[in-house]
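In each ligand, atom 1 is the first atom listed, and ligand 1 is the first ligand listed.
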Amino acid sequence: MSEMYDVVIIGGGPGGYNCAIRAGQLGLKTAIIEARGTLGGTCLNVGCIPSKALLHASEAFESASHHFKSLGVDVAGVKLNLPQMMAQKDEVVDGLTKGIEFLMKKNKVTYIKGFGRIISKGKVAVDFESATTELATKNIVIATGSEVMPLPNIVIDEEKIISSTGALKLGAVPKSMVVIGAGVIGLELGSVWRRLGAEVTIIEFLDRITPGIDGEIAKALQRTLTKQGMKFELGQKVTSAIASKKGVTLTYEPAAGGDAKTFDTDVVLVAIGRRPFTSKLGLENVGIEVDKRGFIAHNHWKTSADGIWVIGDVTHGPMLAHKAEEEGLAVAECIAGLAGHMDYDIIPAVVYTNPEVAAVGKTEEELKAAGVEYKIGKFQFMANSRARTNHTTDGLVKILEDKATLKILGVHMMGTGVGEMIGEAALAMAFGASAEDIARTCHAHPTMSEAIKEAAKAVDGWVMQS
Ligand code: FAD
Ligand code: NAI
């Protein structure tokens with residue numbers, strides 16, 4: 001053990017690498033430890049990036065196969081080249097993970113490959129191949145992320161019974177796929193394989209899809225995905241999945257009780273959530289405990305152990321890359337003696353189906369449960385000229401405003417490309433805007449974002465749509 005670091009970060013995902021970059025920029029002597037061999041964490045390697053690469057490519061395939069003709073573009077003999085689709089996805093991942101490695105060098109961060117263990121406050125061991133090195137540091141940041149949540153009695157073999165990781169690299173399009181869980185992963189990766197030709201059935205425990213998303217938007221999304229050919233079995237509990245040479249036999253029963261049914265399918269994707277990853281991290285050496293669900297608690301990102309901080313999926317809050325990133329920046333600033341902060345009420349979320357769903361702030365259900373009085377404004381894309389031009393009229397924008405303070409409390413949208421529009425709503429909320437502030441801001445015409453302006457007008461009763 002030689003030099004003393006200001007901060008050693010365990011985990012090279014969006015939480016860890018953004019924390020490292022900011023710490024480096026602030027002049028802190030920083031090291032980042034990553035076990036998987038490449039930086040970027042779940043997000044870049046087996047999450048956000050490869051899934052979006054496949055969503056983009058599969059959408060192009062579907063458009064060329066079914067939608068170009070109506071635009072007057074005749075393309076004969078559209079064929080899927082799955083190896084090329086996977087190769088372009090791998091190329092994107094490779095380029096981005098290497099880019100992060102370059103950013104470490106640029107910001108004078110030491111990147112250490114290996115598995116990090118906390119030995120004591122201020123001491124971290126790194127196991128790499130058969131060697132162990134020790135680092136001394138003033139601060140440790142735990143950024144170890146999350147892993148796939150398994151389903152009891154179901155063995156994920158990543159061939160016939162797969163997790164999201166297996167769903168990003170199937171070698172052939174299955175004839176049929178059952179997805180367990182109608183959450184974000186289920187709908188995004190289910191969409192990819194449906195577009196490529198699989199018959200996709202989603203089995204969900206609850207009586208709705210996408211828990212956490214505004215109920216009205218979730219219903220609209222389910223209607224649209226059903227029209228696209230996705231099948232839903234809601235309120236069902238899967239009790240077993242047995243893989244054989246032929247495929248997988250799944251048994252499930254109504255969550256409320258009732259007769260069991262079986263379902264034969266080629267591939268089963270288990271997408272029932274993720275859980276924090278702290279295995280072999282040495283938390284017991286510093287007296288840090290995890291809660292019942294495995295998360296490490298914090299107070300302003302400080303754990304119960306002095307000089308040890310926590311960020312990202314391994315702690316509470318939505319498991320989103322940009323939430324991990326913001327926490328990483330804030331912690332680096334706190335360690336450097338600055339006032340790192342983040343607003344947990346303004347974390348946007350996007351479901352990258354087509355149409356997309358994008359949301360920020362409170363849902364209508366949350367406001368009702370909290371007894372907050374609110375005003376509501378909605379606008380359907382059917383009446384938006386850009387949506388009409390592009391034949392992307394499915395969806396709506398919904399704005400919720402506090403009746404007393406006139407602050408926007410939530411914005412919820414479904415529509416093509418709304419993931420790119422939610423930033424406007426988040427920014428408005430960050431500056432404490434009212435719906436009228438948005439309504440009086442000039443929006444370019446014709447754009448999909450005019451629907452936000454129209455929904456904002458509707459909050460104050462300037463209704464343009466019948
Ligand atoms: P991670 O990204 O999980 O990184 C943690 C890293 O720590 C890992 O690389 C791991 O190998 C390493 N590690 C763990 N323990 C140790 C140790 N002891 N020593 C050394 N290294 C260790 N989020 C979005 O916002 N948008 C999306 O579109 C999106 N899409 C997703 C799609 C899929 C299929 C999945 C699975 C997730 C998706 N997410 C998305 C979620 C997103 O990936 C996570 O929220 C994000 O990666 C969390 O960042 P993190 O830094 O906390 O952890
Ligand atoms: P999720 O929490 O979004 O959805 C899991 C779904 O599975 C829920 O609807 C839940 O009710 C259901 N479920 C749980 N147990 C079940 C069971 N036994 N049988 C049937 N259904 C069951 O989790 P998901 O989709 O696995 O994603 C994990 C995390 O990754 C999420 O927290 C999400 O934030 C993040 N992610 C984000 C993306 C994005 O931002 N676009 C994309 C993909 C993942």
Can an N or O of [X] be found at a distance shorter than 3.5 Å from an N or O of ligand 1?
X	result
A35	yes
F115	no
R274	no
L320	yes

Original post:
Would D6 and K29 pass as an ion pair if we require N to O under 4.0 Å?
Top reply: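 Salt bridge between D6 and K29, a charged N being under 4.0 Å from a carboxylate O: no.
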**OP:** Considering only NZ, NE, NH1 and NH2 on the basic side and carboxylate oxygens on the acidic side, decide whether E158 and K169 come within less than 4.0 Å.
**Re:** no
For [atom], what's the nearest protein heavy atom and its distance?
atom	answer
atom 19 (N) of ligand 1	G116 N, 2.8 Å
atom 2 (O) of ligand 1	T42 N, 2.9 Å
atom 38 (C) of ligand 1	C48 N, 3.9 Å
atom 51 (O) of ligand 1	G15 N, 2.9 Å
atom 32 (C) of ligand 1	G47 C, 3.3 Å
atom 10 (C) of ligand 1	E34 OE2, 3.5 Å
atom 28 (O) of ligand 1	K52 NZ, 2.7 Å
atom 4 (O) of ligand 1	G13 CA, 3.4 Å
atom 20 (C) of ligand 2	F205 N, 3.3 Å
atom 2 (O) of ligand 2	G273 CA, 4.2 Å
atom 19 (N) of ligand 2	I180 CG2, 3.6 Å
atom 44 (C) of ligand 2	I185 CG1, 3.3 Å

Main chain of [Y], side chain of [X]: is a donor-acceptor contact present, judged purely on distance under 3.5 Å?
X	Y	value
D94	D90	no
T30	L28	yes
E356	T353	no
Q228	N354	yes
E326	M342	no
R208	T210	yes
T315	I296	yes

Original post:
Side chain, backbone, both or neither: which part of I272 has a heavy atom under 4.0 Å from ligand 2?
Top reply: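 Both backbone and side chain of I272 come within 4.0 Å of ligand 2.
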Subject >> Per-residue contact class, I209 against ligand 2 - non-hydrogen pairs under 4.0 Å >> reply: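 None of I209 does.
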Could you list which atoms of ligand 2 come closer than 4.0 Å to a heavy atom of [X]?
X	result
L320	34 (O), 37 (C), 40 (O)
Y352	41 (N)
V350	39 (C), 40 (O), 41 (N)
L206	11 (O)
M319	32 (O), 33 (C), 34 (O), 35 (C)

Which atoms form the tightest heavy-atom contact between [X] and [Y], and what is the distance?
X	Y	answer
K138	M4	N-SD, 3.9 Å
I452	I399	O-CD1, 3.6 Å
S164	V148	OG-CG2, 4.4 Å

Original post:
Should the pair F263 and Y252 be assigned to parallel (<30°), tilted (30 to 60°) or perpendicular (>60°) ring geometry?
Top reply: tilted
For ligand 1, note which part of [X] has a heavy atom under 4.0 Å away: side chain, backbone, both or neither.
X	result
S146	backbone
A324	side chain
P14	both

Original post:
Does NZ or CZ of K237 come closer than 6.0 Å to the centre of the six-membered ring of F205, within 45° of the ring's axis?
Top reply: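 Verdict for F205: no cation-pi partner in K237.
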**OP:** Check salt bridge (Lys or Arg N to Asp or Glu O under 4.0 Å) between E147 and all other residues, then give those that pass, not counting sequence neighbours.
**Re:** R275
Original post:
Does A349 come within less than 4.0 angstrom of ligand 2, counting non-hydrogen atoms of the residue?
Top reply: no
Original post:
So is P211 in contact with ligand 2, going by heavy-atom distances below 4.0 Å?
Top reply: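 Judged by the 4.0 Å heavy-atom criterion, P211 does count as contacting ligand 2.
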Which option, [options], owns the non-hydrogen atom nearest [atom]?
atom	options	value
atom 36 (N) of ligand 2	V270, L151, V184, I213	V184
atom 29 (C) of ligand 2	R275, H322, E233, R274	R274
atom 11 (O) of ligand 2	K52, E204, E188	E204
atom 7 (O) of ligand 2	G183, C43, G181	G181
atom 41 (C) of ligand 1	K280, M319, K323	M319

Do [X] and [Y] have side-chain N/O donor and acceptor atoms under 3.5 Å apart?
X	Y	value
Y344	E327	yes
T265	S176	yes
D127	T132	yes

**OP:** Say whether V351, considering both its backbone and side-chain N or O atoms, lies within less than 3.5 Å of an N or O atom on ligand 2.
**Re:** no
Determine whether any heavy atom of [X] lies closer than 4.0 Å to an atom of ligand 1.
X	answer
L39	no
A349	no
Y352	yes

Subject >> Candidate pair N45 and T38, rule side chain to side chain donor-acceptor pair (under 3.5 Å), full reasoning >> reply: CA-CA 8 Å; N45 291 281; T38 48; 2.7 Å; yes
Subject >> Which of the ligand 1 atoms, numbered from 1, are nearer than 4.0 Å to a heavy atom of I33 >> reply: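 Heavy-atom distances to I33 below 4.0 Å select 20 (C), 21 (N).
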Subject >> Subset of ligand 1 atoms that lie under 4.0 Å from at least one heavy atom of V46 >> reply: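 The atoms of ligand 1 under 4.0 Å from a heavy atom of V46 are 34 (C), 36 (C).
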